[in-house]
Participant: 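One structure, as structure tokens, below. Some questions next.
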Amino acid sequence: MAQKPSIPKGTRDFSPTEVAKRNYIFSTIKEVFEMYGFQPIETPSFENSLTLMGKYGEEGDRLIFKILNSGDFLKKVEDDLLISKDSIKITSKISEKALRYDLTVPFARYVVQHQNEIEFPFKRYQMQPVWRADRPQKGRFREFYQCDADVVGSKGLWQEVEFVQLYDAVFSKLKLTGTTIKLNNRKILAGIAEIIGAKDKLIDFTVALDKLDKIGAEGVTKEMLDKGISEAAIQKVEPLFNFKGSNQEKLKQLQQLLTTSEEGTKGVEDLKFIVDNIEMLGLQTANLDIDVTLARGLNYYTGAIYEVTAPQGVKMGSIGGGGRYDDLTGIFGLKDMSGVGISFGLDRIYLVLEELNLFDAVELPKPKVLFINFGEKEAAFCMKALVTLRKNHIKSELYPDAAKMKKQLNYANRRQIPYVVLVGASEVENNKYTLKNMQTGEQQVCTLKELLEITS
RNA sequence: GUGGUUGUAGCUCAGCUGGUUAGAGCGCCGGAUUGUGGUUCCGGAGGUCGCCGGUUCGAACCCGGUCUUCCACCCCA
């Protein structure tokens with residue numbers, strides 16, 4: 001054998017079965033998106049580096065796949081820059097394009113670029129692959145799909161309510177019961193930071209708080225101290241380290257904690273609006289849970305923050321996330337355009353459904369009838385019958401070679417084709433077909449019309 | 001990006017403290033059975049042991065590098 005072929009780290013091939021299962025998830029999400037009034041768009045796999053760089057923080061920039069310029073790209077770089085070995089500076093000279101890192105930033109770019117054609121509020125959905133130069137792990141790939149739905153041009157909180165319903169609708173439809181939709185609000189986090197007098201350390205504070213369930217109160221305290229947040233300040237938020245009870249109880253506690261913070265109070269009000277209305281409307285299978293530790297990385301969130309986790313017992317990171325960003329298009333020059341959106345992580349949902357055996361309903365597209373090939377003459381006769389069957393939407397095919405019957409029947413077995421048609425010299429002569437049911441083994445001689453009736 | 005882990009036939013895996021022609025099951029191909037499958041029996045093909053280098057009389061096994069897998073951190077879907 002020649003050199004063994006391989007695919008790059010963190011990428012995958014998908015078999016027919018896997019594609020069928022993935023399509024099942026895609027179509028379920030798509031159906032619900034459209035039910036809620038979203039319209040699809042698509043954007044290029046790669047963007048100008050300028051569009052992407054600096055939008056995901058320093059860490060994000062590192063994880064963006066850069067595309068090398070074509071041509072003799074090193075010629076244009078000054079000698080002293082090359083000698084300096086400054087990767088970041090050199091990269092900006094030799095790479096002007098980069099692979100899409102998420103769907104939100106390209107969407108913001110799209111909105112700004114097409115603002116005159118768009119009807120606002122604009123509700124779009126997008127299901128495309130994104131690429132990250134991350135180290136792969138379970139449920140973590142370098143090429144994976146996101147399924148996003150966003151609304152721009154509206155500040156109404158009903159949108160936030162609808163997204164909770166939408167999450168619930170998709171996961172219920174996929175029979176993935178017991179998911180938890182975690183809800184928080186950036187304004188609450190800001191309010192807390194304000195109260196403890198660490199407003200300038202909001203990011204450090206939230207990142208530390210986000211790790212609560214992972215490293216515990218002690219670990220969080222330590223990390224906050226390391227980041228320069230005072231002990232007195234940490235004591236003020238101590239109640240949050242053990243934040244339990246119903247959503248309404250949590251809201252009350254937050255209200256009290258944040259009375260002196262205008263922003264925090266607004267955050268609690270927003271949160272209460274969502275929680276109250278979801279309680280009024282009800283959910284099918286998901287749980288809604290206020291989680292003040294939730295501080296999804298992307299620092300453009302300004303209002304609601306969502307994160308969905310798999311049912312208890314399934315070891316998987318979040319399978320969806322989202323939130324509101326008041327000024328995402330601002331960086332591209334379009335001010336005052338508020339947006340809110342959510343994302344489904346297709347690949348992780350796949351792994352969760354696989355683990356819980358929830359793919360029963362998915363069937364591989366396969367033919368219903370296989371014509372055994374006896375030779376040129378007989379094959380020609382079968383081809384004519386195939387035209388009729390296919391016109392009647394019966395998936396069918398002729399075995400391409402006049403191979404041994406054992407081989408052809410084996411092929412039908414393996415592909416689980418329920419019917420086989422045998423046409424030899426005598427059938428051709430009498431214009432008849434021998435139809436064999438592969439499950440029962442029964443067979444009968446019939447006309448084309450009967451063949452059609454039985455197999456349809 | 002940091003630390004660890006994994007790689008032997010198409011697949012799942014054996015392979016002793018380094019020792020001569022590297023094994024099994026499943027799958028594949030052929031035959032028993034040239035118009036009747038899933039069973040059974042018989043036979044066969046398929047591996048520079050991830051790759052490169054080193055130590056050694058001798059390496060799948062030891063050492064270094066590299067790629068890949070999975071895991072923890074970072075970050076995130």
Side-chain angles (χ1 to χ4, degrees), chain A residues 1-12 15 25 29 56-64 87 100-104 127-148 167 203 207-208 210-211 214-215 219 223 294-299 306-310 315-323 341-352 370 372-375 378 399 402-428 433-443 445:
Chain A
M1 209 195 296
Q3 183 193 0
K4 274 194 186 169
S6 64
I7 55 174
K9 188 203 299 208
T11 64
R12 295 148 301 153
S15 68
I25 304 175
I29 295 174
Y56 309 101
E58 208 174 306
E59 183 75 13
D61 280 359
R62 210 191 73 216
L63 298 177
I64 291 173
S87 301
R100 182 169 57 212
Y101 179 86
D102 74 352
L103 300 179
T104 308
M127 309 200 290
Q128 292 189 277
V130 301
W131 295 269
R132 296 184 187 177
D134 216 344
R135 279 240 184 132
Q137 272 180 43
K138 186 181 182 182
R140 187 169 196 171
F141 310 98
R142 299 185 118 180
E143 178 183 62
F144 61 98
Y145 272 78
Q146 290 193 331
C147 308
D148 279 29
Y167 265 136
I203 304 270
V207 167
D210 195 28
K211 293 179 191 161
K214 216 167 189 175
I215 58 179
E223 179 156 338
L294 183 61
R296 265 2 256 147
L298 303 171
N299 38 31
Y306 304 100
E307 182 175 276
V308 185
T309 52
K315 212 182 157 213
M316 180 62 65
S318 64
I319 54 178
I342 57 167
S343 177
F344 290 84
L346 177 109
D347 305 82
R348 287 188 177 176
I349 293 172
Y350 181 101
L351 291 171
V352 172
L370 174 75
I372 301 297
N373 190 331
F374 280 83
E378 292 87 347
Y399 194 89
K404 285 212 176 77
M405 179 157 332
K406 175 172 174 154
K407 195 172 175 174
Q408 299 193 42
L409 289 173
N410 252 328
Y411 174 80
N413 273 335
R414 263 201 301 269
R415 290 192 62 194
Q416 297 175 23
I417 300 172
Y419 292 103
V420 152
V421 175
L422 300 116
V423 174
S426 65
E427 280 91 348
V428 173
Y433 303 82
T434 297
L435 178 65
K436 182 182 175 75
N437 182 322
M438 291 300 279
Q439 258 144 43
T440 62
E442 288 164 15
Q443 58 186 61
V445 179

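All figures in this text were calculated on a predicted structure; none of them were measured in a lab. All values below come from the heavy atoms of this structure, side chains included, with hydrogens, waters and symmetry mates left out. Numbers restart at 1 for each chain; the letters A, B, ... are given by sequence-line order, proteins then strands.
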Participant: Taking the side chain of A/Arg140 as its heavy atoms from C-beta onward, which of B/C75, B/U36, B/A77 lies nearest to it?
Facilitator: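 My answer, after comparing the listed nucleotides, is B/C75.
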Participant: Please assess A/Phe144 against A/Val130 for the test side chain to side chain contact (heavy atoms under 4.5 Å, CB included), listing each intermediate value before the final yes or no.
Facilitator: CA-CA 6 Å; A/Phe144 61 98; A/Val130 301; 3.4 Å; yes
Participant: Ring-plane angle category for A/Tyr399 and A/Tyr411, please: parallel below 30°, perpendicular beyond 60°, tilted otherwise.
Facilitator: perpendicular
Participant: Distance check: side-chain N/O of A/Lys406 vs OP1/OP2 of B/G30, anything under 4.0 Å?
Facilitator: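 Checking B/G30 against A/Lys406, no side-chain N or O comes under 4.0 Å of OP1 or OP2.
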Participant: Which one, B/G37, B/C74, B/G35, comes nearest to the side chain of A/Leu409?
Facilitator: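 Nearest to the side-chain atoms of A/Leu409, counting from C-beta on, is B/G37.
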Participant: Just call it for A/Glu143: base, sugar-phosphate, or nothing, with non-hydrogen atoms closer than 4.0 Å on any strand.
Facilitator: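 Counting heavy atoms under 4.0 Å across all strands, no contact is made by A/Glu143.
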Participant: Any N or O donor-acceptor pair linking the side chain of A/Gln408 to the base of B/G35 at under 3.5 Å?
Facilitator: no
Participant: Just to be sure I understand the rule, does A/Ala412 reach a base, reach only the sugar-phosphate, or reach nothing, if contact means heavy atoms closer than 4.0 Å?
Facilitator: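 Touches nothing.
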Participant: Of the options B/U36, B/A72, B/C75, whose atoms approach the side-chain atoms of A/Met405 most closely?
Facilitator: B/U36
Participant: Please determine, for B/C28, whether a Watson-Crick or G-U wobble partner exists with both distances under 3.5 Å, and give it or none.
Facilitator: B/G44
Participant: If you look at every strand shown and take non-hydrogen atoms under 4.0 Å, does A/Asn410 touch a base, only sugar-phosphate, or nothing?
Facilitator: sugar-phosphate
Participant: Check whether the aromatic ring of A/Phe344 stacks on the base of B/A77, taking stacking as ring centres less than 5.5 Å apart and planes within 30° of each other.
Facilitator: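 Here A/Phe344 fails the 5.5 Å or the 30° condition.
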Participant: When all nucleic acid strands are considered with a 4.0 Å heavy-atom cut-off, which category describes A/Gly139: base, sugar-phosphate, or nothing?
Facilitator: base
Participant: Got a donor-acceptor pair under 3.5 Å from the side chain of A/Arg135 to the base of B/U69?
Facilitator: no
Participant: For A/Lys404 and B/G31, is the shortest distance between a side-chain N/O and OP1 or OP2 below 4.0 Å?
Facilitator: yes
Participant: Can you check the A/Arg348 CZ to B/C75 C1' distance for me, whole Å?
Facilitator: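 Rounding to the nearest Å, CZ of A/Arg348 and C1' of B/C75 are 11 Å apart.
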Participant: What's the verdict on side chain to side chain contact (heavy atoms under 4.5 Å, CB included) for A/Arg132 and A/Tyr101, showing C-alpha distance, side-chain angles and the deciding distance?
Facilitator: CA-CA 6 Å; A/Arg132 296 184 187 177; A/Tyr101 179 86; 3.5 Å; yes
Participant: Quick one: does A/Lys9 reach the base of B/U68 with a side-chain donor-acceptor pair under 3.5 Å?
Facilitator: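 It does not, because no donor-acceptor pair links the side chain of A/Lys9 to the base of B/U68 below 3.5 Å.
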Participant: May I ask you to verify if any side-chain N or O of A/Lys407 is less than 4.0 angstrom from the OP1 or OP2 atom of B/U36?
Facilitator: no
Participant: What does B/U5 pair with, Watson-Crick or G-U, if both distances are under 3.5 Å?
Facilitator: none
